[in-house]
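Below: one structure, written as C-alpha cells.
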Amino acid sequence: MKEASNDHQLDFKNRRALVTGAGKGIGREIAVQLHQFNAQVVAVARTESDLKALKDEIGCETIIAELGDPAEAKRAAEEAGDIDLLVNNAAIAILQPFLKTTVEAWDATMAVNLRAIVIISQIVAARMIARSVRGSIVNISSMARFQALRDHAAYCASKAGLDQLTAVMAVELGEHGIRVNAVNPTVVLTEMGKRAWSDPAKGGPMLARIPLGRFAECEDIASVVCFLLSDAAGMLNGLALPIDGGFHTT
Ligand code: NAP
C-alpha cells in the first residue's frame with residue numbers, strides 16, 4: 001500500500017518537463033510554475049524574444065519550432081531529449097464563421113492543435129517507456145470541446161478531437177504507467193483569449209454564465225496542470241477536466 005504523506009508541496013526535482021507554446025499566456029505560466037516546483041523546463045515556441053525572456057527568468061532550455069510543420073514538431077521532440085512530464089499547450093484559433101471556414105485555416109488548426117500533439121507525444125512517450133519512466137502528460141484542451149462557439153468550427157472540432165485523443169492515449173500509455181489527462185479551461189484573457197472575448201458583446205454573456213463571476217487567470221490553469229503532472233494525481237488518467245468556475249453546470 002502507498003504510504004500517506006503530509007507533504008502537499010509539489011516537487012518535480014530531477015524531472016524534465018517539456019512545455020509547448022511556453023512563450024506566452026497559459027504555457028508561459030505553466031513553465032514558470034513547473035520551475036518554481038524544481039522541474040527542469042524545456043520550452044518550445046515560435047517567437048525567439050519570448051523564449052529569451054523566459055530563459056532569462058527561469059533558466060530553462062529553449063527550442064524554437066513551428067509545430068504546424070510535422071518535421072519541426074519531430075525535431076523539437078527529439079531535441080528535448082529525455083522528458084518525464086509533457087504539457088501539450090501550443091494551439092491556434094483562427095476565427096471564421098462556419099460557412100466561410102477555409103481549407104487553409106482548417107488544415108493549419110488541425111496541424112498545430114492535433115497533429116503536432118500526436119507527433120510529440122509519440123516520441124516523448126516512446127522514450128519514457130524505453131526508460132521505464134512512469135511519466136505524466138497533460139493536454140490543454142478547452143471548454144470549446146463542450147460548448148459550440150460561433151466562429152470556432154475548426155477550433156472546437158480540434159479540441160473535441162484532442163479530448164478523445166487524450167482518452168485513447170490514456171488507455172494505451174496507461175499500460176506503461178504513463179498518465180494522460182486533458183484540462184478544459186474557460187476564457188483566459190491571453191492574446192488568444194482577448195481576440196475572441198474582449199468585446200463585451202461577446203465576453204459579457206460568457207462571463208454571466210460563470211458562477212464564480214470571473215474569467216480564469218493563467219495561474220488558475222497552471223496550478224491544476226502542475227497537480228495533474230504530479231504524483232499526487234497518481235490515480236487520475238483519461239480526464240477532460242473543466243477549469244471554468246462552474247460554467248459547465250449552468
Ligand atoms: P497564446 O496566448 O496565443 O499563446 C500560445 C503560445 O503557443 C505562444 O507561445 C505561441 O508561440 C505558441 N504557439 C502557437 N502556435 C504555435 C506553433 N505553430 N508552433 C509553436 N508554437 C506555437 O494562447 P493561450 O491563450 O495561452 O492558449 C494556450 C492553450 O490554452 C491553447 O491550447 C488554447 O487552445 C488553450 N485555451 C485557451 C483559452 C483562452 O481563453 N485563452 C481557453 C481555453 C483553452 P508564438 O507566439 O511564438 O506563435
Side-chain angles (χ1 to χ4, degrees), residues 18-33 41-55 60 62-77 79-80 86-95 105 107-117 119-120 138-147 149 152 154-163 165-166 182-199 202-203 206-207 210 214-222 224-225 240-245 247-248:
L18 175 59
V19 183
T20 69
K24 294 183 175 72
I26 294 167
R28 188 182 206 283
E29 180 60 25
I30 292 168
V32 169
Q33 289 199 14
V41 175
V42 184
V44 178
R46 288 186 289 205
T47 307
E48 191 171 2
S49 54
D50 286 346
L51 288 176
K52 185 181 178 314
L54 182 66
K55 184 177 182 176
C60 59
T62 61
I63 298 170
I64 300 167
E66 167 50 72
L67 298 179
D69 175 344
E72 285 277 279
K74 181 169 184 279
R75 175 185 62 79
E79 268 184 31
L86 169 62
V87 183
N88 287 308
N89 166 82
I92 57 171
I94 302 170
L95 305 191
D107 286 351
T109 304
M110 299 305 159
V112 180
N113 297 13
L114 273 176
R115 187 178 62 195
I117 293 175
I119 294 169
I120 291 170
V138 175
N139 295 328
I140 310 300
S141 183
S142 170
M143 61 148 187
R145 178 262 184 277
F146 307 112
Q147 222 63 41
L149 304 175
H152 283 75
Y155 183 79
C156 284
S158 75
K159 294 301 187 178
L162 178 56
D163 282 1
L165 172 66
T166 302
V183 294
N184 300 68
T186 184
V187 173
V188 186
L189 290 177
T190 59
E191 285 190 15
M192 178 191 285
K194 281 184 202 149
R195 274 200 305 279
W197 303 109
S198 56
D199 176 0
K202 284 189 180 171
M206 182 68 80
L207 188 58
I210 300 177
R214 67 176 178 86
F215 289 141
E217 303 288 341
C218 292
E219 292 79 358
D220 295 317
I221 316 306
V224 175
V225 170
L241 180 66
I243 309 178
D244 66 357
F247 180 98
H248 69 282

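The first residue of the sequence shown is numbered 1, and numbering continues consecutively from there. In each ligand, atom 1 is the first atom listed, and ligand 1 is the first ligand listed.
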From the list V183, N113, D163, N88, side-chain contact (heavy atoms from CB on, under 4.5 Å) with S141 holds only for D163
Can you pull the residues with any heavy atom under 4.0 Å from ligand 1? G21, G23, K24, G25, I26, A45, R46, T47, A65, E66, L67, G68, N89, A90, A91, I92, V112, I140, S141, S142, Y155, K159, P185, T186, V187, V188, T190, E191, M192, G193
Is there side-chain contact between I63 and R75, with at least one heavy-atom pair below 4.5 Å? yes
Do H152 and L95 come close enough that some side-chain heavy atom pair is under 4.5 Å? yes
Any side-chain heavy atom of V32 within less than 4.5 Å of one from L54? yes
Only residue of D220, N89, V87 satisfying side-chain contact (heavy atoms from CB on, under 4.5 Å) with I26 is N89
Residue pairs passing the side-chain hydrogen bond (donor to acceptor under 3.5 Å, both in side chains) test with at least one member in residues 187-199, sequence neighbours excluded, are none
